[in-house]
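Beneath this line is the structure, given in structure tokens, with notes to follow.
Positions are given from 1, in the same order as the sequence printed here. Only a predicted model underlies this, so the values are computations on that prediction, with no experimental measurement involved.
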Amino acid sequence: MNNHDLIQQLSLQMHPEGGYYSEAYRSSMMIETDRVGQKRSAMTSMYYLLTDDSPIDYFHINKSDIMHYFHGGSPVTYLLIPPNGRQLLS
């Protein structure tokens with residue numbers, strides 16, 4: 001299966017930070033957050049694909065816990081930088 005097939009089968013769309021994505025699950029349980037007047041789903045899950053035409057994801061701040069699953073392809077390098085600016089892992 002090639003990238004085009006995956007994009008079609010999983011109904012992936014361009015992600016604003018790079019790659020392609022599609023939401024696969026959203027919990028109906030809502031939780032309070034420290035974001036101004038906002039609640040959010042307790043959990044969401046998405047498919048995410050980096051391709052030759054959209055090969056990178058940009059640095060961003062996750063305001064909630066995240067979990068990534070590796071299903072195949074080339075390895076990805078993650079840089080985790082805490083608010084104090086010192087790199088934890090790579």
Side-chain angles (χ1 to χ4, degrees):
M1 185 175 292
N2 62 38
N3 289 339
H4 177 75
D5 295 337
L6 284 170
I7 290 167
Q8 295 300 312
Q9 270 198 322
L10 299 174
S11 301
L12 302 178
Q13 55 191 314
M14 292 291 292
H15 192 285
E17 295 173 346
Y20 295 83
Y21 81 105
S22 177
E23 187 174 281
Y25 173 78
R26 179 173 292 272
S27 172
S28 60
M29 179 189 294
M30 301 301 287
I31 59 172
E32 296 287 337
T33 70
D34 60 358
R35 300 174 201 174
V36 180
Q38 290 189 10
K39 293 183 180 182
R40 62 172 282 124
S41 294
M43 182 192 166
T44 60
S45 181
M46 69 180 199
Y47 291 110
Y48 184 68
L49 175 68
L50 294 174
T51 62
D52 290 339
D53 67 314
S54 190
I56 61 172
D57 186 11
Y58 296 95
F59 276 116
H60 57 275
I61 297 172
N62 291 306
K63 296 180 181 178
S64 303
D65 292 344
I66 62 170
M67 184 179 304
H68 293 180
Y69 305 93
F70 180 74
H71 293 293
S74 299
V76 174
T77 300
Y78 283 92
L79 298 175
L80 305 177
I81 304 171
N84 69 7
R86 292 202 285 150
Q87 182 177 333
L88 294 175
L89 306 170
S90 63

His68, NE2: over 12 other non-hydrogen atoms inside 6.0 angstrom | yes
Distance check, rounded to the nearest 0.5 Å: [X] atom [atom1] versus [Y] atom [atom2]?
| X | Y | atom1 | atom2 | answer |
| --- | --- | --- | --- | --- |
| Leu49 | Asn3 | CG | CG | 5.0 Å |
| Thr51 | Leu6 | OG1 | CG | 10.5 Å |
| Tyr47 | Tyr69 | OH | OH | 10.5 Å |
| Glu23 | Gln13 | CD | CD | 10.0 Å |
| Arg40 | Met43 | CZ | CE | 10.5 Å |
| Ser54 | Leu12 | OG | CG | 11.0 Å |

Which word best sums up how the rings of His15 and Tyr21 line up, parallel for under 30°, tilted for 30 to 60°, or perpendicular for over 60°?
-> perpendicular
Taking all atoms of both residues into account, what is the closest heavy-atom pair of Ser41 and Ser27, and its distance?
-> OG-O, 3.1 Å
What's the shortest heavy-atom distance between Asp53 and Tyr20, and which atoms?
-> OD2-OH, 2.6 Å
Side-chain donor or acceptor of Ser22 paired with backbone N/O of Leu10 under 3.5 Å | yes
Under 3.5 Å, side chain of Ser45 to main-chain N/O of Ala24, donor-acceptor pair present?
-> no
